[in-house]
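In what follows, a single structure is set out as structure tokens and then discussed.
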Amino acid sequence: MERPRPEAYGPAVPAPAPTPASATTSRQIGPYHLITRLDPPHSAPYTPWRRFVARSADGERTVLLNAPLPGADPARFAVEADAARRLLGPWVAPVTELAGPGEAPWYATPYLPALPLPVALAVHGEPLPERTVRALGAALAETLEAAHAQGLTHAGLSPAAVLLTGDGPRLSCFGAVRAAAPDGEQRTGLAGIDPGSLAPEQASGGRPRPPGDVYALGSVLAYASTGHTVPDRDELPPSLGRLISSCLSRDPADRPTAATVLAGLAPHDTVLNSAGSLLTAGWLPGRVVAAIAHQSASVLAAEPRTPTWN
């Protein structure tokens with residue numbers, strides 16, 4: 001099943017013009033007053049969590065605040081939010097704060113001006129350049145390689161989980177697959193789960209393992225390159241087609257490791273040891289950079305508001 005092409009998301013509004021606080025009643029989660037949604041409302045079926053830019057009452061802290069989708073199991077969300085604190089690295093959106101005892105579950109990461117990958121494609125108006133795809137993929141592969149070495153499976157990688165910032169991507173939504181349904185239960189058709197990024201063994205209820213992360217990585221690379229997660233082979237860039245297709249193998253045993261993907265994303269005749277060497281000036285298209293800057297200015301000037309919840 002394929003993900004809608006970027007135009008299916010409609011006009012991208014990375015940072016909607018906030019409504020003045022005097023014009024509406026502000027909404028609060030934990031100690032934070034909500035400023036705006038991170039995701040456009042029509043992206044909800046494929047967004048694992050509700051995500052808001054929010055600010056503390058004293059104005060000192062601005063965060064990206066994550067809360068479970070309506071109807072989701074709050075206990076499973078809370079477990080994964082707590083476990084996400086173990087996932088570290090330069091290309092991770094780190095979990096720095098959790099809901100307290102007796103609160104409805106939420107977690108926060110420090111705010112950086114960022115666009116979810118689907119919004120970035122909509123802003124750009126077409127699939128991303130190969131240079132951007134390689135840099136993006138290398139950062140994600142490096143993050144997964146480190147997680148797998150720690151015995152962690154991310155189990156939440158999808159286009160919506162990838163946030164693009166000026167200095168590189170940030171991976172979020174740790175554990176979205178595990179939070180959606182327990183092992184042994186079908187996960188197809190569940191809200192918040194991107195079917196194109198869900199490995200077949202996870203869709204049928206299998207325990208998330210590293211090969212499932214690699215499948216999801218392949219779907220993200222396919223999405224960034226073509227605008228959807230399950231492309232035909234001839235739609236992929238020739239230089240990346242074999243690598244992406246191997247990630248999307250239905251048999252987990254046929255997929256490469258994250259380390260192999262990282263090496264395969266190196267530009268011609270080079271050895272890639274770190275994604276940082278690809279995340280140099282110009283790694284993002286100009287329209288995406290401009291949209292990130294617009295979001296930053298809008299959030300800086302914003303007063304708390306009442307975002308649409310559904």
Side-chain angles (χ1 to χ4, degrees), residues 3 46-48 84 86-95 109 112 114-121 127-150 152-177 194 196-199 202 208-229 231 236-237 239-240 243-249 255-267 272-280 283-284 288:
R3 187 182 179 90
Y46 298 117
T47 304
R86 298 171 57 198
L87 186 67
L88 302 173
W91 319 122
V92 170
V95 174
T109 67
L112 287 175
L115 301 186
L117 181 58
V119 175
L121 262 70
L128 298 176
E130 183 175 325
R131 175 189 177 184
T132 303
V133 175
R134 286 183 181 274
L136 165 68
L140 297 176
E142 184 178 315
T143 300
L144 293 179
E145 180 186 10
H148 297 166
Q150 291 181 266
L152 298 176
T153 300
H154 184 275
L157 177 56
S158 70
V162 178
L163 307 178
L164 300 187
T165 77
D167 67 352
R170 298 295 189 275
L171 179 56
S172 65
C173 300
F174 180 92
V177 171
D194 184 338
S197 299
L198 192 61
Q202 293 180 5
R209 298 180 184 277
D213 283 347
V214 172
Y215 184 96
L217 175 58
S219 77
V220 168
L221 295 176
Y223 181 81
S225 299
T226 70
H228 53 132
T229 52
L236 295 168
S239 61
L240 293 175
L243 179 65
I244 294 174
S245 295
S246 66
C247 292
L248 294 173
S249 297
R255 298 173 202 151
T257 63
T260 299
V261 176
L262 177 60
L265 288 166
L272 185 61
N273 295 316
S274 171
S277 62
L278 301 182
L279 293 163
T280 54
W283 85 278
L284 279 178
V288 177

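A quick note: this is a predicted structure, and the numbers were derived from the prediction, not measured. Both backbone and side-chain heavy atoms feed into the values below; hydrogens, waters and symmetry mates do not.
Thr280 is listed as a side-chain neighbour of Arg131, based on a closest heavy-atom distance under 4.5 Å. Looking at heavy atoms from C-beta onward, Pro127 lies out of side-chain contact with Val133 at the 4.5 angstrom threshold. Side-chain atoms of Leu144 and Pro210, non-hydrogen and from C-beta on, never get closer than 4.5 Å to each other. Between Val261 and Leu140 the shortest side-chain heavy-atom distance does not fall below 4.5 Å. Here the side chains of Leu240 and Leu265 are in contact, with some heavy-atom distance below 4.5 Å. No side-chain heavy atom of Val214 sits less than 4.5 Å from a side-chain heavy atom of Thr257.
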Could you check Leu157 against Val162 for side chain to side chain contact (heavy atoms under 4.5 Å, CB included), going step by step and ending with a plain yes or no? CA-CA 7 Å; Leu157 177 56; Val162 178; 3.8 Å; yes
Run Ser239 and Arg134 through side chain to side chain donor-acceptor pair (under 3.5 Å) and show every step you take. CA-CA 10 Å; Ser239 61; Arg134 286 183 181 274; 3.3 Å; yes
Can you check side chain to side chain contact (heavy atoms under 4.5 Å, CB included) on Leu87 and Val95, steps first, answer last? CA-CA 8 Å; Leu87 186 67; Val95 174; over 6 Å; no
Verdict with reasoning, Leu221 to Leu236, per side chain to side chain contact (heavy atoms under 4.5 Å, CB included): CA-CA 9 Å; Leu221 295 176; Leu236 295 168; over 6 Å; no
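The side-chain contact (heavy atoms from CB on, under 4.5 Å) search around Thr143 returns Trp91, Val92, Leu171, not counting sequence neighbours. Annotation: side-chain contact (heavy atoms from CB on, under 4.5 Å) contacts of Ala155 (sequence neighbours excluded): Thr153, Val177, Arg178, Pro208.
Between Pro169 and Ala139, the shortest heavy-atom contact is CG-CB, 3.4 Å. Here the closest non-hydrogen pair linking Gln150 and Arg86 is NE2-O, 3.8 Å. The two residues Ser249 and Ser246 come nearest to each other via the heavy atoms OG-O, 2.9 Å. Of all the heavy atoms in Ala258 and Glu145, the pair that sits closest is CB-N, 3.7 Å. The shortest non-hydrogen separation linking Pro159 to Leu117 is O-CB, 3.3 Å. Considering every non-hydrogen atom in both Leu198 and Tyr215, the closest pair reads O-CE2, 3.6 Å.
Remark: the backbone N or O of Trp283 is paired with a side-chain donor or acceptor of Thr132 at under 3.5 angstrom. At least one donor-acceptor pair under 3.5 Å links the side chain of His154 to the backbone N or O of Ser172.
Side-chain contact annotation: Ser197 with Ser219, donor-acceptor N/O pair under 3.5 Å present.
With values rounded to the nearest 0.5 angstrom, Leu136 atom CG is found 9.0 Å from Ser225 atom OG. In this structure, CG in Leu262 is found 10.0 Å from CG in Leu243, a value given to the nearest 0.5 Å. The structure places OG1 of Thr260 at 14.0 Å from CZ of Arg255, a figure rounded to the nearest 0.5 Å. The distance from atom CG of Leu128 to atom CG of Leu164, rounded to the nearest 0.5 Å, is 7.0 Å.
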